[in-house]
Amino acid sequence: WGQIIYHDLLVDMVLKEVPGDFAEFGIGSGGTSLFFARLAKKHGRKFLAVDSFEGLPPPDVGKDNPYFLEGDYRARGGEDNYARFLRYKEAFDVEDSMWTVKGFFKDVDIPEGFRSFAFVHLD
C-alpha cells in the first residue's frame, strides 16, 4: 500500500507543485528506492539513494528509538549489501537517473547536480 500512497502523493501533488529531485536516506534492500527512482525518471527528475549498507550505527540514546540496535539491517554471512544492490538495480533502467551513495547520513556529501529536493524519504 505504501507505494500506492506515495505514487498518488507524488504524482497528484509534489510533481505538479514542487521543483527538485527525490531522495531516500536508508534504502534497506532497495525496493522502495527503485520505485522512487523509476517515478523520478519518468518525470524528468533525478533520484539519490543513501545507505551505509553496513547496518545501523550505534544509537544516540537521547533521540533514537531503543527498538533499533547497532548493526540491525547488516548483511548476513559477510555478503556485500552495496555490491548486491548495485547489481540488483541494473534490471530497472535507472542507471541514468539514480545515484547511490554509501555512507551514514551524517557523513554523506550530496553529489553535485542535486540542487534541491522536492521529496525526501527518511527510513
Residues that Phe105 engages under ring-ring contact (aromatic ring centres under 6.0 Å, His included), provided they are two or more places apart: Phe25

Spatial distance of atom CZ (Phe92) from atom OG (Ser33) [nearest 0.5 Å]: 11.5 Å

4.5 Å side-chain heavy-atom contact, Thr100 and Phe53: yes

4.5 Å side-chain heavy-atom contact, Glu54 and Asn81: no

Glu17, CD atom: more than 12 neighbouring heavy atoms under 6.0 Å: no

Charged tip of Lys46 within 45° of Phe114 ring normal and under 6.0 Å: yes

Joint cluster assignment, Phe35 & Tyr88, ILVMFWY side-chain distance < 4.5 Å: yes

Least distance between heavy atoms, Pro111 atom then Val101 atom: CG-CG2, 3.9 Å

Gap separating the CZ atom of Phe85 from the CG atom of Asp51, nearest 0.5 angstrom: 9.0 Å

Path from Phe104 to Tyr73 over hydrophobic side-chain contacts below 4.5 Å: no

pair Leu10-Leu39: side-chain heavy atoms closer than 4.5 Å: yes

Minimum heavy-atom distance Asp72-Tyr67, with the two atoms named: OD2-O, 4.2 Å

Phe22 side, atom CZ; Phe36 side, atom CZ - distance, nearest 0.5 Å: 8.0 Å

Under 3.5 Å donor-acceptor, Asp12 side chain and Leu9 backbone: no

Cluster check Phe117, Leu122: I/L/V/M/F/W/Y, side chain < 4.5 angstrom: yes

Output field: ring centroids Tyr6/His121 closer than 6.0 Å: yes

Between NE2 on residue His43 and CZ on residue Arg38, distance to nearest 0.5 Å: 11.5 Å

Ser52-Lys102 side chain donor-acceptor pair, cut-off 3.5 Å: no

Atom pair CG (Leu34) and CD1 (Ile27), whose distance is rounded to the nearest 0.5 Å: 7.5 Å

Any Lys89 side-chain heavy atom under 4.5 Å of Leu86 side chain: yes

Value rounded to 0.5 Å, distance of CG in Leu69 from CG in Leu56: 8.5 Å

Over all atoms of both residues, closest heavy-atom pair of Ala37 and Ser97: O-OG, 4.0 Å

Charged N-O contact under 4.0 Å between Asp93 and Lys41: yes

Cluster overlap Leu15 with Leu48, hydrophobic side-chain contacts below 4.5 Å: no

Polar side-chain atom of Glu70 near backbone of Pro57 as donor-acceptor pair, under 3.5 Å: no

Test item: Asp64 side-chain N/O and Asp60 main-chain N/O as donor-acceptor pair under 3.5 Å: yes

Arg45 side chain reached by Asp21 side chain, heavy atoms, under 4.5 Å: yes

Sub-4.5 Å side-chain heavy-atom contact between Glu24 and Val50: no

